[in-house]
Amino acid sequence: MEDQTAKELLEELPLTSVDAARIVLETTEMLSARTAGLDRMEALQLLRRVMRLGATALSHEENTVCFAQAGWESIAARAGRRPTTRRDLRHYMRRFLRYKGVAERPLRDMSTKECTKLLQETCGSCSSTYRKGRMILHSIFEYGIRQEWCDSNPVARIKAPTEEEKTIQPLTLEEVRRLEETAQKPEHRAMRLSLKLMLYCGVRPTEVSRLKPEKDIDWKGRELIIRPQTSKTGGGRVIPLRKVARLGEQDRLIPGNWLKRWRQLRQEAGFTDWRADACRHTFASYHARHFRNLPALQLEMGHSDSSLLQTRYVTAFLDNKADSFWK
């Protein structure tokens with residue numbers, strides 16, 4: 001009677017009652033410790049649970065894409081980001097794909113160990129490159145989770161290398177004078193506003209190049225507005241216009257081909273080895289010494305807290321150089 005019932009239950013499947021018995025036996029052998037001492041109903045409940053979990057795992061395993069597809073689709077999803085951001089994403093994606101075999105790897109199958117090796121081989125040349133590569137790789141898996149191509153982010157368990165913050169010396173008054181005198185020359189006149197915004201407002205070079213003076217500067221209220229789409233970090237801020245508002249209307253412009261013009265101005269002023277963000281460091285150091293107001297400086301710099309100011313930007317002065325800078 002039981003044999004006949006079994007045949008009827010299995011008649012729509014390409015399995016015999018012997019096949020079904022073998023599958024049950026193999027499963028209970030794999031669960032040997034879990035099935036010991038169970039009665040018939042308890043064993044049936046356990047086997048049903050195993051089959052449900054197995055079916056779910058199989059569905060997840062099949063619902064994935066290769067790493068290359070996941071990476072490029074995650075970049076395409078950020079089409080609204082700035083051109084420089086999209087360029088960086090594409091650059092790092094091409095780096096990742098140089099790692100042998102990673103392009104075809106199912107995203108769901110990639111482990112923390114594999115991702116660590118990927119970063120070491122493609123971004124291990126310096127700590128800043130590794131940190132940025134880790135951030136972009138992390139974002140690819142986060143996108144994959146949202147698309148249900150994977151269940152977890154293996155990059156989250158990879159520790160980013162710590163960055164040692166070093167105090168950066170600001171420009172001397174003589175170096176500031178050389179820059180400003182060079183900007184007075186007719187061939188560099190278009191850079192006068194840019195130089196003052198960097199020196200006396202602490203605006204980053206990339207932010208200056210994106211500014212629209214006609215809508216971002218309130219000349220009457222003497223305020224500069226850094227809008228989220230202009231800011232490097234995506235957060236807006238308002239900065240007082242110090243030593244900028246007196247510029248003539250003919251000098252209130254941000255020229256095209258900005259990076260080339262900025263490099264030419266520095267070179268003509270005698271700078272052969274330019275320190276990154278030197279004007280911003282100069283602004284922060286002289287501001288901290290002269291105004292003695294770190295909370296205000298923090299807001300003008302666009303920092304979420306003052307720790308970076310204290311470890312990297314602020315330099316002690318033992319004379320009245322800061323006063324001379326602002327006069």
Side-chain angles (χ1 to χ4, degrees), residues 30-31 34 49-166 204 206 228-229 231-235 276-277 302-305 307-308 311-312:
M30 288 187 285
L31 298 169
R34 298 290 301 274
R49 182 184 174 202
V50 169
M51 285 187 286
R52 283 196 302 270
L53 292 174
T56 301
L58 181 61
S59 175
H60 284 177
E61 182 180 339
E62 293 174 346
N63 181 31
T64 190
V65 296
C66 66
F67 175 77
Q69 181 180 340
W72 289 123
E73 288 197 21
S74 73
I75 293 172
R78 286 176 273 189
R81 304 290 290 275
R82 296 192 186 99
T84 53
T85 300
R86 299 198 304 273
R87 181 195 63 202
D88 285 348
L89 292 170
R90 291 191 296 268
H91 170 74
Y92 276 86
M93 187 62 196
R94 286 190 288 268
R95 274 182 178 240
F96 296 149
L97 294 179
R98 292 181 198 145
Y99 187 65
K100 187 177 180 180
V102 74
E104 301 80 17
R105 285 283 289 150
L107 194 69
R108 191 181 297 278
D109 293 347
M110 294 182 67
S111 65
T112 297
K113 183 177 180 180
E114 186 176 358
C115 290
T116 301
K117 185 68 173 175
L118 169 63
L119 287 172
Q120 289 173 343
E121 293 292 329
T122 60
C123 304
S125 55
C126 71
S127 59
S128 60
T129 302
Y130 188 95
R131 278 192 299 273
K132 191 161 189 177
R134 179 193 173 279
M135 178 182 67
I136 292 173
L137 187 60
H138 185 279
S139 71
I140 292 173
F141 279 94
E142 287 300 304
Y143 181 79
I145 290 172
R146 292 195 295 273
Q147 302 303 313
E148 297 185 350
W149 294 334
C150 58
D151 298 316
S152 62
N153 190 334
V155 185
R157 293 187 288 275
I158 301 176
K159 185 178 180 181
T162 56
E163 182 177 10
E164 182 182 353
E165 296 293 352
K166 298 179 180 179
R204 299 178 179 92
T206 52
Q229 60 269 32
S231 171
K232 174 186 174 183
T233 58
D277 276 342
H303 290 172
S304 57
D305 59 60
S307 59
L308 189 59
T311 58
R312 189 175 187 185

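- In this structure, Arg134 and Cys123 have side chains that are not in contact, with every pair of non-hydrogen atoms separated by 4.5 Å or more.
- Residues Ile145 and Asn153 meet the side-chain proximity criterion, which asks for heavy atoms closer than 4.5 Å.
- By the 4.5 Å heavy-atom criterion applied to side chains, Met93 and Ile140 are counted as neighbours.
- A side-chain hydrogen bond (donor to acceptor under 3.5 Å, both in side chains) check over residues 95-104, counting only residues at least two apart or in different chains, returns the pairs His91-Arg95.
- We find the SG-CH2 distance between Cys66 and Trp149 to be 9.5 Å, quoted to the nearest 0.5 Å.
- Legend: salt bridge (charged side-chain N to carboxylate O under 4.0 Å, His left out) pairs involving residues 110-126, not counting sequence neighbours, sorted by first then second residue: Arg105-Glu114, Lys117-Glu121.
- Remark: the backbone N or O of Arg81 is paired with a side-chain donor or acceptor of Arg86 at under 3.5 angstrom.
- The shortest distance between side-chain heavy atoms of Thr122 and Tyr130 does not fall below 4.5 Å.
- Gly133 approaches Phe96 most closely through the heavy-atom pair O-CZ, 3.4 Å.
- When side chains are defined from C-beta on, Leu137 counts as touching Phe67, because their heavy atoms get closer than 4.5 Å.
- Minimum heavy-atom separation, Ala70 to Tyr143: O-CD2, 4.2 Å.
- A 4.5 Å side-chain heavy-atom check between Pro106 and Val65 finds every atom pair outside the cut-off.
- Summarising the geometry, atom OG belonging to Ser74 is positioned 9.5 Å from atom CD1 belonging to Ile136; distances are rounded to the nearest 0.5 Å.
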(message) Run Phe141 and Cys115 through side chain to side chain contact (heavy atoms under 4.5 Å, CB included) and show every step you take.
(response) CA-CA 11 Å; Phe141 279 94; Cys115 290; 3.8 Å; yes

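- Checked by atom type and distance alone, the side chain of Arg204 never pairs as donor or acceptor with a backbone atom of Asp277 at under 3.5 Å.
- Judged by distance alone, the side chain of Ser231 and the main-chain N or O of Pro228 form no donor-acceptor pair under 3.5 Å.
- Listed by chain and number, the residues in a side chain to side chain contact (heavy atoms under 4.5 Å, CB included) with Ala103 are Ala68, Leu97 (sequence neighbours excluded).
- In this structure, CE in Met110 is found 5.5 Å from CG in Leu118, a value given to the nearest 0.5 Å.
- Asp88 and Lys132 are joined by a salt bridge, as a carboxylate oxygen and a charged side-chain nitrogen come within less than 4.0 angstrom of each other.
- Thr64 places a side-chain N or O within 3.5 Å of a backbone atom of Arg108 that can act as its donor or acceptor partner.
- Under the 3.5 Å distance criterion, the side-chain polar atoms of Thr112 are matched with a main-chain donor or acceptor of Pro154.
- In this structure, Thr85 OG1 and Arg90 CZ are separated by 10.5 Å, a value rounded to the nearest 0.5 Å.
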